[in-house]
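Please read the structure below before turning to the comments.
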Number of protein chains: 2
Amino acid sequence: MPKKNIKKSPSQNKKAYHHGNLREALVDAAIDILENEGLKALSLRAVARRVGVSQTAPYHHFKDKEGMLAAVAAKGFMMMEAAQNISIPGEENTAENILALGRGYVTFGLKHPALLQLMFGPEIPDPKNHPELMSEGQKSFNRILEGVTARMDEAGITYVTPSIVTISAWSMVHGLAILLIGGKITPEGVGLNNEEELIEQVANVLHKGLT
Amino acid sequence: MPKKNIKKSPSQNKKAYHHGNLREALVDAAIDILENEGLKALSLRAVARRVGVSQTAPYHHFKDKEGMLAAVAAKGFMMMEAAQNISIPGEENTAENILALGRGYVTFGLKHPALLQLMFGPEIPDPKNHPELMSEGQKSFNRILEGVTARMDEAGITYVTPSIVTISAWSMVHGLAILLIGGKITPEGVGLNNEEELIEQVANVLHKGLT
DNA sequence: GATTCAAACTTGACAATGTAAAGTTGCTCA
DNA sequence: TGAGCAACTTTACATTGTCAAGTTTGAATC
């Protein structure tokens with residue numbers, strides 16, 4: 001066995017798996033493939049290949065392909081949160097806060113279309129089987145709920161509960177993102193020049209409802 | 001060739017393919033599989049098997065699997081239109097008309113979750129490649145636009161264009177359907193007993209915005 | 001330090017899938 | 001009648017998800 005003595009120190013070895021970071025590396029590689037080559041190219045084997053492990057290595061970190069997709073979706077929620085935190089620079093205006101959240105949501109969707117679709121799509125038929133994914137989704141809801149509640153208190157709106165308004169708002173921004181991604185609507189189709197203008201106009205409708 | 005004389009009249013023969021109905025039969029079978037066994041089970045071969053033709057027969061009617069899925073999605077739009085026509089029995093109240101349209105949309109989504117997800121999901125990465133699908137989506141938009149325009153005229157709303165309101169409304173009902181289907185929100189989660197109640201409450205928010 | 005043992009990973013295999021290539025069947029019209 | 005074209009079949013192959021059976025390795029125990 002001549003190769004035996006080629007010893008790699010684990011610290012030098014870029015791929016120091018075996019304890020620790022393979023799972024994360026797989027998820028990152030999966031997102032990369034998803035965003036650059038599309039859902040069809042996102043196979044377990046392609047992910048393993050990209051990371052440089054055997055085709056069955058992922059099975060030690062995910063139950064099956066769906067398990068991996070769920071992990072990817074969960075990471076998608078985290079990425080969205082991170083993106084939204086950037087877009088709310090400690091504002092105090094509650095109405096503006098909500099609108100910024102909504103804009104951030106749609107903008108994120110346009111920047112990561114395949115990821116957003118995966119997060120809500122049929123590739124993960126029953127999210128209840130994936131606790132991490134569920135809890136990230138819940139966090140997303142709560143983030144919106146917080147802003148909406150503050151705004152409703154401030155504006156003295158009582159004809160509906162904050163939960164209902166939150167659902168309405170989330171529905172709207174999510175729907176808008178998906179319709180744009182899917183090409184069902186376009187800015188040009190309604191006489192606008194770009195997505196930002198469209199987002200702004202729809203945000204106005206939402207805003208009007210919160211006044 | 002002994003079988004030769006077993007002559008089947010095309011009209012009697014249930015499977016009188018060879019001119020005519022194979023394409024439609026394939027789409028129907030695909031929807032059946034999609035709704036009863038899920039997206040994962042929806043393979044070209046499974047569809048062909050169910051219809052009783054060879055595995056490559058579908059290629060004479062669809063460019064590839066994506067082509068077939070696009071046809072399924074297009075049919076989904078048609079089914080939705082049919083379902084909505086039922087739910088609007090010649091009403092004259094324009095506001096109620098729109099709400100009925102919205103209710104119909106969400107209800108359809110809950111009845112056909114996998115189909116709705118396919119219609120907007122990443123399995124058809126670029127709908128522009130599928131004219132039939134695009135045109136059905138356009139019809140869907142126009143149907144909402146019609147109702148919204150009438151309502152806005154009636155209510156004298158001018159601070160936004162009907163197109164923007166249509167997009168907002170479509171976004172909202174679509175988002176709501178998808179969030180419900182994906183289990184991201186539940187009626188119980190906001191203290192309601194069933195989907196209908198939730199739909200009604202969200203419809204109220206929408207209605208308020210159109211007053 | 002040697003031993004042991006579970007966790008992390010690999011090798012090899014198999015059935016199912018999407019799809020290309022080449023052939024066959026059978027309407028339809030000249 | 002027969003010629004041609006569209007509808008379908010057969011065969012084949014690379015790729016995929018996943019299972020079963022190893023092998024490696026890092027750390028805990030003696």
Side-chain angles (χ1 to χ4, degrees), chain A residues 1-27 29-30 33-34 37-72 123-125, chain B residues 1-27 29-30 33-34 37-72 123-125:
Chain A
M1 48 295 258
K3 279 181 182 171
K4 203 58 179 293
N5 44 9
I6 300 175
K7 212 174 175 179
K8 318 177 195 173
S9 106
S11 49
Q12 290 182 330
N13 189 353
K14 201 180 83 191
K15 296 175 188 171
Y17 305 127
H18 236 285
H19 284 135
N21 45 353
L22 213 210
R23 188 187 145 107
E24 208 187 320
L26 289 168
V27 171
I33 292 174
L34 178 63
E37 304 171 38
L39 181 66
K40 274 176 200 152
L42 181 52
S43 70
L44 263 183
R45 291 165 102 116
V47 172
R49 243 178 270 132
R50 170 155 317 199
V51 170
V53 294
S54 80
Q55 68 206 224
T56 54
Y59 283 89
H60 292 266
H61 299 273
F62 310 106
K63 177 170 171 284
D64 52 14
K65 186 181 181 183
E66 187 185 320
M68 186 202 219
L69 294 181
V72 168
E123 288 76 25
I124 302 155
Chain B
M1 47 293 260
K3 279 180 181 172
K4 203 55 180 296
N5 43 9
I6 299 175
K7 213 174 174 181
K8 320 174 195 175
S9 106
S11 48
Q12 289 181 333
N13 189 353
K14 202 179 82 191
K15 294 177 189 172
Y17 304 128
H18 237 287
H19 284 134
N21 44 356
L22 212 210
R23 188 189 147 107
E24 207 187 320
L26 289 168
V27 171
I33 293 174
L34 178 63
E37 304 171 40
L39 182 66
K40 276 176 198 151
L42 181 52
S43 70
L44 263 183
R45 290 163 100 115
V47 172
R49 243 178 270 131
R50 169 154 319 197
V51 170
V53 294
S54 81
Q55 67 204 221
T56 54
Y59 283 89
H60 291 266
H61 299 273
F62 309 106
K63 178 171 171 282
D64 52 15
K65 187 181 182 185
E66 187 185 320
M68 186 202 219
L69 295 181
V72 168
E123 288 76 25
I124 303 154

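Within every chain, numbering begins at 1; the chains are lettered A, B, ... in the order of the sequence lines, protein sequences first and strands thereafter.
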To the nearest Å, give me how far apart [atom1] ([X]) and [atom2] ([N]) are.
{"X": "A/Glu24", "N": "C/dA8", "atom1": "CD", "atom2": "C1'", "answer": "17 Å"}
{"X": "B/Lys40", "N": "C/dA15", "atom1": "NZ", "atom2": "P", "answer": "22 Å"}
{"X": "A/Leu69", "N": "D/dT16", "atom1": "CG", "atom2": "P", "answer": "14 Å"}
{"X": "B/Leu44", "N": "D/dT9", "atom1": "CG", "atom2": "P", "answer": "14 Å"}

Task: Minimum heavy-atom distance between B/Ala41 and B/Ile33, given as atom pair plus value - done: O-CG2, 3.6 Å
Open item on the list: C/dT17, OP1 or OP2 - any side-chain N/O from B/Ser43 closer than 4.0 Å?
Closed with: yes
Task: Phosphate contact (C/dA15 OP1 or OP2) by B/Arg45 side-chain N/O below 4.0 Å - done: no
- [ ] With a 4.0 Å heavy-atom cut-off, tell me which residues in residues 56-68 of chain B come close to DNA chain D, sorted by residue number.
- [x] B/Thr56, B/Ala57, B/His60, B/His61
Open item on the list: If you assign A/Gln55 and B/Ala41 each to the DNA chain C nucleotide with the nearest heavy atom, which residue ends up on the more 5' nucleotide?
Closed with: A/Gln55
Validation: residues 64-71 of chain B side-chain donor-acceptor distances under 3.5 Å, sequence neighbours left out:
from	atom 1	to	atom 2	distance (Å)
B/Asp64	OD1	B/Glu66	N	3.3
B/Asp64	OD1	B/Gly67	N	3.0
B/Lys65	NZ	B/Leu42	O	3.2
B/Glu66	OE1	A/Lys40	NZ	2.6
B/Glu66	OE2	B/His130	NE2	2.8

- [ ] Kindly compute the distance separating CG (B/Leu44) from CZ (B/Phe62), expressed to the nearest 0.5 Å.
- [x] 8.5 Å
Open item on the list: Nearest 0.5 angstrom please: B/Ser54 OG to B/Arg49 CZ, how far?
Closed with: 12.0 Å
Open item on the list: Base, sugar-phosphate or nothing for A/Arg23? Non-hydrogen atoms, less than 4.0 Å.
Closed with: nothing
Open item on the list: According to salt bridge (Lys or Arg N to Asp or Glu O under 4.0 Å), who are the partners of A/Arg23, at least two apart in sequence or on a separate chain?
Closed with: A/Glu132
- [ ] Report, as yes or no, whether the 6.0 Å neighbourhood of atom CD on A/Glu24 holds more than 12 heavy atoms from other residues, nucleotides or ligands.
- [x] no
